[in-house]
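Worksheet for the structure shown next.
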Number of protein chains: 2
Amino acid sequence: MRIGELATEAGVSVRALRYYEEQGLLAATRSNSGQRLYAAAAVDRVQLIQNLYAAGLASRTIAELLPCVDAKESTPESRARLAAERDRIDGQIAELIETRDRLDAIIELTERPEHSGCSIH
Amino acid sequence: MRIGELATEAGVSVRALRYYEEQGLLAATRSNSGQRLYAAAAVDRVQLIQNLYAAGLASRTIAELLPCVDAKESTPESRARLAAERDRIDGQIAELIETRDRLDAIIELTERPEHSGCSIH
DNA sequence: CTAGAACCTGACGTTGACGTCAGGGGCAAG
DNA sequence: CTTGCCCCTGACGTCAACGTCAGGTTCTAG
């Protein structure tokens with residue numbers, strides 16, 4: 001598939017895909033005329049990349065982790081790296097849950113019209 | 001307390017605090033000589049702001065939400081706004097959990113030295 | 001064969017949350 | 001009084017993940 005189709009399938013921009021290639025996150029073969037060609041599996045790959053970006057990983061970090069994903073093997077260092085990122089994400093989740101609960105409390109507070117009387121009236 | 005102390009207490013930079021004021025997120029009284037003075041409650045406020053930033057809210061959005069937090073009351077619109085952001089955060093949490101699980105799967109995969117034979121040896 | 005969509009490679013623009021530097025004032029200790 | 005630390009206001013710098021524009025090539029439908 002060509003870049004436009006992949007972009008549509010994966011829900012990202014064409015520019016983003018070229019950027020991922022530039023960063024070494026996503027390889028493509030080329031047609032005779034130089035157009036990028038992708039396998040169907042690229043859709044999943046792009047979504048993983050997006051997930052990792054959304055989790056706050058930088059291109060450089062992703063670029064360091066993906067090769068060992070592809071190779072399906074890892075050095076002790078890369079394993080530690082993966083685990084560290086996993087734990088970071090865990091921390092982020094906990095933080096987000098806390099933030100959501102604070103927001104809930106605020107909503108609770110602001111929802112009561114006058115005083116917080118709970119009388120059934 | 002002055003700005004340096006608040007920065008230390010809340011774990012952010014002095015520059016960040018000035019930026020929050022510029023964005024209308026954090027008010028301060030001024031001493032005769034023009035120095036910013038904060039109440040003790042400001043520490044908590046700053047941490048809430050940080051939480052909201054970490055949850056992906058922009059300054060503008062936070063600036064729109066905080067006043068109704070202070071007033072402890074809300075218009076129907078602001079209530080909808082609060083709920084919408086809450087739901088956005090919920091979505092983010094779900095996405096992060098998915099990402100974490102994908103990472104876990106990857107770790108699983110790469111941890112097995114050779115083939116995935118589960119034989120006890 | 002030709003118009004228009006899709007692709008290519010640079011390369012500069014954008015945005016948000018600060019970092020950092022310049023230049024100057026105020027305040028407690030010695 | 002002066003040394004040193006904290007404070008002030010601009011105002012420019014930064015960085016990442018793209019957006020966007022220019023100028024040119026390629027593919028495809030009629």
Side-chain angles (χ1 to χ4, degrees), chain A residues 1-39 42-43 45-66 85 88-89 92 95-96 99, chain B residues 1-39 42-43 45-66 85 88-89 92 95-96 99:
Chain A
M1 74 198 320
R2 293 191 303 173
I3 197 170
E5 192 182 346
L6 175 58
T8 305
E9 293 286 315
V12 303
S13 72
V14 166
R15 178 68 174 92
L17 295 178
R18 295 204 188 103
Y19 178 73
Y20 297 164
E21 180 173 321
E22 193 182 317
Q23 300 299 306
L25 308 182
L26 181 65
T29 59
R30 296 293 182 126
S31 75
N32 287 342
S33 57
Q35 301 199 351
R36 291 170 180 84
L37 297 177
Y38 300 92
V43 177
R45 172 86 162 211
V46 170
Q47 281 165 358
L48 174 59
I49 294 173
Q50 290 272 317
N51 277 336
L52 295 177
Y53 274 134
L57 304 214
S59 290
R60 266 201 55 184
T61 310
I62 300 178
E64 285 167 25
L65 296 183
L66 282 183
E85 293 302 337
R88 233 181 35 74
I89 293 176
Q92 253 184 285
E95 208 182 317
L96 278 184
T99 303
Chain B
M1 74 198 319
R2 293 190 303 174
I3 198 171
E5 193 181 346
L6 176 57
T8 305
E9 293 285 316
V12 303
S13 71
V14 165
R15 177 67 174 95
L17 295 179
R18 296 205 188 100
Y19 179 72
Y20 297 163
E21 179 173 320
E22 193 182 318
Q23 300 297 308
L25 308 182
L26 182 64
T29 59
R30 297 293 184 129
S31 75
N32 287 341
S33 56
Q35 301 199 350
R36 292 171 180 84
L37 297 178
Y38 300 91
V43 177
R45 172 90 162 205
V46 170
Q47 281 165 358
L48 174 59
I49 293 174
Q50 290 273 314
N51 278 335
L52 294 177
Y53 274 134
L57 304 213
S59 290
R60 266 202 55 184
T61 309
I62 301 178
E64 285 168 25
L65 295 183
L66 282 183
E85 293 301 338
R88 233 182 36 75
I89 294 175
Q92 252 183 288
E95 208 182 318
L96 279 184
T99 303

Note to self: By the 4.0 Å heavy-atom rule, please label A/Arg18 as base, sugar-phosphate, or nothing.
What the structure shows: base
Notebook entry, point to check: Roughly how far apart are A/Ile62 CD1 and A/Asn51 CG, rounded to 0.5 Å?
Noted result: 9.5 Å
Check: In whole Å, what is the span from the CD atom of A/Glu21 to the P atom of C/dG10?
Finding: 12 Å
Item checked: Nearest-0.5 Å distance that lies between atom CG in B/Leu65 and atom CG in B/Leu25 -> 10.5 Å
Note to self: Protein within reach of the bases, or only the backbone? For nucleotides 14-29 of chain D, mark each nucleotide 5' to 3' as B, S or -, using heavy atoms under 4.0 Å.
What the structure shows: ---BBBB-----SS--
Next item on the list: List in chain and number order the residues that pass salt bridge (Lys or Arg N to Asp or Glu O under 4.0 Å) with A/Arg2, two or more places apart in sequence or in another chain; answer none if no residue qualifies.
Entry: none
Check: Can you tell me how far CG of A/Leu96 sits from CD of B/Gln92, rounded to the nearest 0.5 angstrom?
Finding: 5.5 Å
Checklist line | Distance in angstrom units between A/Glu5 CD and C/dA5 P, rounded | finding: 18 Å
Notebook entry, point to check: Quick one: A/Met1 CE to C/dA6 C1', roughly how many Å, whole number?
Noted result: 14 Å
Margin query: What is the separation between atom CD1 on B/Ile49 and atom P on C/dG16, rounded to the nearest whole Å?
Written below: 17 Å
Item checked: Any pair counted as side-chain hydrogen bond (donor to acceptor under 3.5 Å, both in side chains), so long as it reaches residues 52-62 of chain A, sequence neighbours left out -> A/Tyr53-A/Ser59, A/Arg60-A/Glu64
Notebook entry, point to check: With sequence neighbours excluded, what pairs up with B/Arg45 under the salt bridge (Lys or Arg N to Asp or Glu O under 4.0 Å) test?
Noted result: B/Asp70
Margin query: What is the separation between atom CG on A/Leu6 and atom P on C/dA6, rounded to the nearest whole Å?
Written below: 15 Å
Margin query: Could you measure the distance from the CD1 atom of B/Ile89 to the OG1 atom of A/Thr99? Nearest 0.5 Å is fine.
Written below: 6.0 Å
Next item on the list: Would you list the pairs meeting side-chain hydrogen bond (donor to acceptor under 3.5 Å, both in side chains) in which at least one residue belongs to residues 20-31 of chain B, sequence neighbours left out?
Entry: B/Tyr20-B/Gln50, B/Glu21-B/Arg30, B/Glu21-B/Arg36, B/Ser31-B/Ser33
Next item on the list: Return the angle between end axes of the helix from C/dC1-D/dG30 to C/dG30-D/dC1, with five pairs used per end and rounding to 10°.
Entry: 10°
